[in-house]
Participant: 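A single structure is presented below for examination.
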Amino acid sequence: MNFGYACINLTLQQEFGIYTNRGMIQRTFREKGIQYASELALKNCRDLLQIVRWNESHGVGCFRVSSDVFPWASEYRLTELPDFPEIRATLEAIGRTSVRLSTHPGPFNKLAGEGPTLANTLKDLETHSEVFDLMGLEPSHRNKINIHVGGAYGDKGETLRRFARNYEGLLSQHLKSRLVVENDDKPGLFTVAELLPLHEATGIPITFDYFHHRLHPGDWSEREAFEAAVATWPEGITPVCHFSDSRREHEDPSAKREAHSDWVYTPIQTYGYDVDVVLETKRKELSLMKYREQFLMPHSPIEIG
DNA sequence: GCATGTCAAGTTGTG
DNA sequence: CACAACTTGACATGC
């Protein structure tokens, strides 16, 4: 079982200014164009390599790559960037590390959407997949591109059928091989149980998100939902789960119910299965290290299976 | 340097 | 009914 965290390494960011989401507002992009986007992207990629190497040397087996490495990527092709040769070399070096990389494209991605929303989604998802291609990663669910269905459009069944149709008809083979879906945290959206028909129709694996399940369990226990999601992953690929505790419950009673906590407060139950767990806690790698010390490292006499 | 107003995209439901 | 929350606050400006 590997642990990971998302996008930012607070230690490297604070001590060395190493981070991967340099960007710009639209006006600046209009003024400075692709040249400046390329500069920022190269810096982001070089810093991503440093973060991934830090993970490797600290026993962190997986990591979520930010979706902001390439600013305004919807407006150009990666190969058009003036610094593309250096960028590609850096991405290749990242891909040669042992860290299991994944991404979580933003909530604007609506594969069951229509018109420009769907077009934007296709471009964004394909770009994520292309970055993994450039890293030299084999197209598989080992390196997942994880999204939500993210909208019910008043009819969950019809929405899933549209999602499946778009998945089958509009995505590249590499993207299809990487795409996974995650259970939602809102009653109007999709539980693990409600995503199963999509899996059955398409083979898309389901990422189990513990926190979302607690917010919107449907009528399934955590164990039922966890085991059902884990069973959707293909042979030979360790399933991935997402974990956070509740900010409202543990840190700030006035926080919104779906806000993530800074730290991990409760042990992560994996029911005896081998899964990788990506922490979505706000204190990033610090919360991972603390969790290890508190719950895993020195004195855990009982292995709960 | 630091404070502050502003910043692409979609959808939902809380406060 | 605005706006926060989702995946990660950070950019741009002016003092």
Side-chain angles (χ1 to χ4, degrees), chain A residues 4-10 12-14 17-32 36-37 39-40 43-44 47-48 51 62-76 101-125 127-128 144-156 159 162-163 180-191 207 209 211-213 215-216 240 242-244 246-248 252-262 278-287:
Chain A
Y5 59 98
C7 305
I8 291 174
N9 181 299
L10 292 171
L12 293 178
Q13 182 165 50
Q14 281 156 20
I18 290 172
Y19 67 110
T20 71
N21 56 345
R22 295 170 185 82
M24 59 192 137
I25 61 172
Q26 190 173 47
R27 174 162 49 87
T28 307
F29 182 61
R30 279 200 298 264
E31 288 164 9
K32 301 190 174 182
Y36 186 52
E39 280 174 37
L40 295 181
K43 284 195 173 106
N44 287 339
D47 281 4
L48 177 58
I51 293 172
C62 37
F63 182 69
R64 179 184 300 165
V65 177
S66 167
S67 294
D68 291 336
V69 170
F70 294 91
W72 294 97
S74 57
E75 307 305 309
Y76 52 84
L101 301 173
S102 64
T103 62
H104 194 331
F108 313 108
N109 287 281
K110 296 287 186 272
L111 195 49
E114 291 173 309
T117 301
L118 178 58
N120 293 341
T121 298
L122 296 176
K123 168 73 174 171
D124 196 29
L125 295 181
T127 301
H128 280 81
K144 71 180 167 60
I145 297 174
N146 179 109
I147 61 173
H148 293 263
V149 177
Y153 304 94
D155 184 338
K156 285 183 178 176
T159 294
R162 206 163 54 246
F163 189 106
V180 307
V181 294
E182 173 184 343
N183 57 307
D184 289 293
D185 60 358
K186 291 184 178 67
L189 298 174
F190 298 86
T191 61
T207 300
D209 187 305
F211 185 39
H212 293 169
H213 174 81
L215 294 169
H216 177 37
V240 183
H242 296 167
F243 186 92
S244 173
S246 161
R247 178 175 204 79
R248 173 189 278 183
D252 178 6
S254 71
K256 292 210 148 202
R257 58 197 284 285
E258 60 266 46
H260 295 285
S261 60
D262 285 340
V278 176
L279 300 182
E280 294 184 329
T281 38
K282 298 283 186 186
R283 296 303 294 268
K284 307 297 179 185
E285 88 285 358
L286 300 175
S287 60

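Chain A is the first sequence line, chain B the second, and so forth, proteins listed ahead of strands; every chain is numbered from 1. Keep in mind that the numbers below use all heavy atoms, side chains included, and drop hydrogens, waters and symmetry copies.
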Participant: How many Å lie between CG on A/D252 and C1' on C/dA4, as a whole number?
Facilitator: 13 Å

Participant: Check whether any side-chain nitrogen or oxygen of A/H148 sits under 4.0 Å from OP1 or OP2 of C/dT7, and answer yes or no.
Facilitator: yes

Participant: Taking the six-membered ring for Trp, are the ring centroids of A/H242 and A/H213 within less than 6.0 Å of each other?
Facilitator: no

Participant: Find the distance A/L118:CG to B/dA9:C1' and express it as a whole number of Å.
Facilitator: 14 Å

Participant: Specify the separation, in whole Å, of atom NE2 of A/H216 and atom P of C/dC6.
Facilitator: 17 Å

Participant: Over how many whole Å does the gap from A/H260 atom NE2 to C/dG9 atom C1' extend?
Facilitator: 14 Å

Participant: Name the nucleic acid region contacted by A/H212, choosing base, sugar-phosphate or nothing; use a 4.0 angstrom heavy-atom cut-off, strictly under.
Facilitator: sugar-phosphate

Participant: Backbone N or O of A/A255 within a donor-acceptor pair of the A/R248 side chain at under 3.5 Å?
Facilitator: yes

Participant: Verify whether one side chain among A/T207 and A/N146 offers a donor that lies under 3.5 Å from an acceptor in the other.
Facilitator: yes

Participant: Take atom P in B/dA8 and the same atom in C/dA12, then report the distance between them in whole Å.
Facilitator: 10 Å

Participant: When the P atoms of B/dC7 and C/dC3 are compared, how many Å lie between them, rounded to an integer?
Facilitator: 14 Å

Participant: Going through the distances and angles, do A/D184 and A/H148 end up as a side-chain hydrogen bond (donor to acceptor under 3.5 Å, both in side chains)?
Facilitator: CA-CA 7 Å; A/D184 289 293; A/H148 293 263; 2.8 Å; yes

Participant: C/dA12 phosphate, OP1 or OP2: any side-chain N/O from A/T28 under 4.0 angstrom?
Facilitator: yes

Participant: Look at A/Q26 and C/dA12 and indicate whether a side-chain polar atom (N or O) is within less than 4.0 Å of OP1 or OP2.
Facilitator: no

Participant: By salt bridge (charged side-chain N to carboxylate O under 4.0 Å, His left out), which residues pair with A/K186, not counting sequence neighbours?
Facilitator: none

Participant: Give DNA chain B the dot-bracket treatment, 5' to 3': Watson-Crick (N1-N3 with N6-O4 or O6-N4) or G-U (N1-O2, O6-N3) under 3.5 Å, [ ] crossing, | other strand.
Facilitator: |||||||..||||||

Participant: Going by distance alone, is a donor N or O of one side chain under 3.5 Å from an acceptor N or O of the other, for A/S67 and A/H128?
Facilitator: yes

Participant: Just compare C/dT7, C/dA12, C/dT8 and give me whichever is closest to any side-chain atom of A/N21.
Facilitator: C/dT8

Participant: Mind listing the N/O atom pairs, protein and nucleotides 12-15 of chain B, below 3.5 Å?
Facilitator:
residue: B/dT12; atom: OP1; partner: A/A152; partner atom: N; Å: 3.1
residue: B/dT12; atom: OP1; partner: A/Y153; partner atom: N; Å: 3.4
residue: B/dG13; atom: OP1; partner: A/G188; partner atom: N; Å: 2.6
residue: B/dG15; atom: OP1; partner: A/R248; partner atom: NH2; Å: 2.0

Participant: Measure centre to centre between the rings of A/Y5 and A/F63, then say whether the value is under 6.0 Å.
Facilitator: yes

Participant: Taking the P atom of each, how far is B/dT11 from C/dG9, in whole Å?
Facilitator: 23 Å

Participant: Rounded to the nearest 0.5 Å, what separation is found between the CG atom of A/N21 and the CD1 atom of A/I8?
Facilitator: 5.5 Å

Participant: Strictly below 4.0 Å, heavy-atom distances to any atom of DNA chain C: list the hits from residues 108-116 of chain A, or just say none.
Facilitator: none

Participant: Ignoring hydrogens, what is the shortest heavy-atom contact between A/R257 and A/F211? Give both atom names and the distance.
Facilitator: O-CZ, 3.4 Å

Participant: Report the residue (A/M24 or A/C7) whose heavy-atom-nearest nucleotide on DNA chain C is the more 5′ of the two.
Facilitator: A/C7

Participant: Within this structure, what is the CG-to-P distance between A/L48 and C/dT7, rounded to whole angstrom?
Facilitator: 20 Å

Participant: Which protein N or O atoms sit under 3.5 Å from an N or O of nucleotides 13-15 of chain C?
Facilitator:
residue: C/dT13; atom: OP1; partner: A/R27; partner atom: NH1; Å: 2.8

Participant: For the side-chain contact (heavy atoms from CB on, under 4.5 Å) test, which of A/L118, A/V149, A/T117 pairs with A/L111?
Facilitator: A/L118

Participant: Specify the separation, in whole Å, of atom CH2 of A/W72 and atom P of C/dA10.
Facilitator: 17 Å

Participant: Is A/T103 reaching over with its side chain to a backbone N or O of A/P105, donor-acceptor style, under 3.5 angstrom?
Facilitator: no

Participant: Ignoring hydrogens and angles, tell me if any N or O in the side chain of A/T20 forms a donor-acceptor pair with the backbone of A/V69 under 3.5 Å.
Facilitator: no

Participant: Could you tell me which residues satisfy salt bridge (charged side-chain N to carboxylate O under 4.0 Å, His left out) with A/D262, sequence neighbours excluded, listed by chain and number?
Facilitator: A/R247

Participant: C/dG9 C1' sits how many Å from A/R247 CZ, rounded?
Facilitator: 13 Å

Participant: May I ask you to say whether A/R22 pairs ionically with A/E39, meaning some side-chain N is under 4.0 Å from a carboxylate O?
Facilitator: no

Participant: C/dT7, OP1 or OP2 - any side-chain N/O from A/S67 closer than 4.0 Å?
Facilitator: no

Participant: For the P atoms, the ones on C/dA4 and on B/dA9, what distance do you get once it is rounded to whole angstrom?
Facilitator: 15 Å

Participant: With distance as the sole test, does A/N109 use its side chain to make a donor-acceptor pair with the main-chain N or O of A/G106 at under 3.5 Å?
Facilitator: yes

Participant: How many whole angstroms separate atom NZ of A/K282 from atom P of C/dA4?
Facilitator: 13 Å

